[in-house]
Amino acid sequence: SDCQLAKQDLKGKKVLVSAGPTVEAIDPVRYLTNHSSGKMGYAIAEVAQERGAQVTLVSGPTKLSPPQGVALIPVTTALQMQAELENHYEAADYVIMAAAVADYRPVRAAQQKIKKGTDKINLPLVRNPDILFELGQKKRQQVLVGFAAETQQLLVNAQEKLFKKKLDLLVANDVARQDIGFGSNENEVYFLSPTSSPLHLAQTSKQQVAEKLFDLLLAMTKRK
Ligand code: CTP
Ligand code: CA
């Protein structure tokens with residue numbers, strides 16, 4: 001969209017966004033990942049930049065090109081994503097965790113390509129850190145936003161994440177739906193905050209979801 005027309009209501013603000021999947025190596029040729037396209041996080045970064053923010057985008061591997069004027073930090077694994085987000089956390093005013101972080105990674109990546117053999121093999125996995133939870137624990141001036149990807153009990157599960165992770169806002173979306181979400185240019189979401197009841201946003205472009213997100217955040221921080 002047109003920079004000339006965008007309101008500059010994020011001028012002087014530092015916005016830190018994560019996007020895309022993480023990719024966790026199994027061996028030199030194989031990996032664990034998920035269906036995240038990165039489109040939601042990239043739309044958030046683009047809208048923030050257009051509205052005048054200084055934007056850092058920490059992104060797992062995607063097919064997207066970074067929005068104009070956004071500082072892109074490419075990462076692969078959850079541990080790398082965590083390290084980069086922690087580097088930029090202290091300076092940030094708004095932190096928006098749109099990445100789909102792998103909850104588990106292989107205990108170790110095999111040095112050599114794993115050869116096939118027996119009918120059944122085990123692949124031991126270990127928990128990745130919950131990056132957003134840990135950012136919540138050390139929150140100061142930052143306004144912290146998470147996403148919840150659910151396939152059932154959307155609002156109940158999302159509410160729990162909002163409180164557990166000490167978020168100021170949570171964007172909940174139903175990833176079981178085939179028509180929206182992963183890979184799509186559109187989304188339908190609920191915005192949850194600790195202080196008000198869930199706000200439904202009817203299906204719209206990810207750009208418009210991003211616009212609404214910043215409208216809500218700015219309204220919230222004015223009230224602080
Ligand atoms: N998240 C994170 N680090 C992880 C897992 C998730 O920072 N290791 C963040 C995501 O970026 C998202 C939020 O936490 O903003 C919720 O992610 P989601 O996968 O919906 O929830 P989880 O807390 O991982 O719980 P579960 O997958 O068991 O539902
Ligand atoms: Ca998860």
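One is the number of the first residue; the rest follow in order along the sequence. Just so you know, ligand 1 is whichever comes first in the structure, and atom 1 is the first atom listed for that ligand.
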A.B. asks: Inspect the surroundings of NZ in Lys139 and state if more than 12 heavy atoms from other residues, nucleotides or ligands are less than 6.0 Å away.
C.D. replies: yes

A.B. asks: Regarding Lys161 and Glu150, does a basic nitrogen lie under 4.0 Å from an acidic carboxylate oxygen?
C.D. replies: yes

A.B. asks: Short N/O distance, under 3.5 Å, between Ala102 and ligand 1?
C.D. replies: no

A.B. asks: Given Asn34, Thr151, Thr22, Leu132, which has its nearest heavy atom closest to atom 9 (C) of ligand 1?
C.D. replies: Leu132

A.B. asks: At a 4.0 Å threshold, what atoms of ligand 1 neighbour a non-hydrogen atom of Gly146?
C.D. replies: 15 (O)

A.B. asks: Can an N or O of Ala148 be found at a distance shorter than 3.5 Å from an N or O of ligand 1?
C.D. replies: no

A.B. asks: Looking at ligand 1, does Lys164 have a heavy atom less than 4.0 Å from it?
C.D. replies: no

A.B. asks: Which of these, Ile96, Leu170, Asp103, has its nearest heavy atom closest to atom 24 (O) of ligand 1?
C.D. replies: Asp103

A.B. asks: Does a donor on one side chain sit under 3.5 Å from an acceptor on the other, for Gln207 and Glu46?
C.D. replies: yes

A.B. asks: Ligand 1 and Lys161, any nitrogen or oxygen pair closer than 3.5 angstrom?
C.D. replies: yes

A.B. asks: With a 4.0 Å cut-off, strictly under, does atom 19 (O) of ligand 1 pick up any protein heavy atom?
C.D. replies: no

A.B. asks: Does ligand 1 have an atom that lies less than 4.0 angstrom from a heavy atom of Pro129?
C.D. replies: yes

A.B. asks: Angle between ring planes, Tyr94 versus Phe214, binned at 30° and 60°: parallel, tilted or perpendicular?
C.D. replies: perpendicular

A.B. asks: Does the distance from a Lys or Arg side-chain N to an Asp or Glu carboxylate O, for Arg108 and Asp27, drop under 4.0 Å?
C.D. replies: no

A.B. asks: Can a non-hydrogen atom of Ala78 be found less than 4.0 Å from any atom of ligand 1?
C.D. replies: no

A.B. asks: Verify the neighbour count for atom CZ of Phe163: are there more than 12 heavy atoms of other residues, nucleotides or ligands below 6.0 Å?
C.D. replies: yes

A.B. asks: Do Lys206 and Asn185 have side-chain N/O donor and acceptor atoms under 3.5 Å apart?
C.D. replies: no

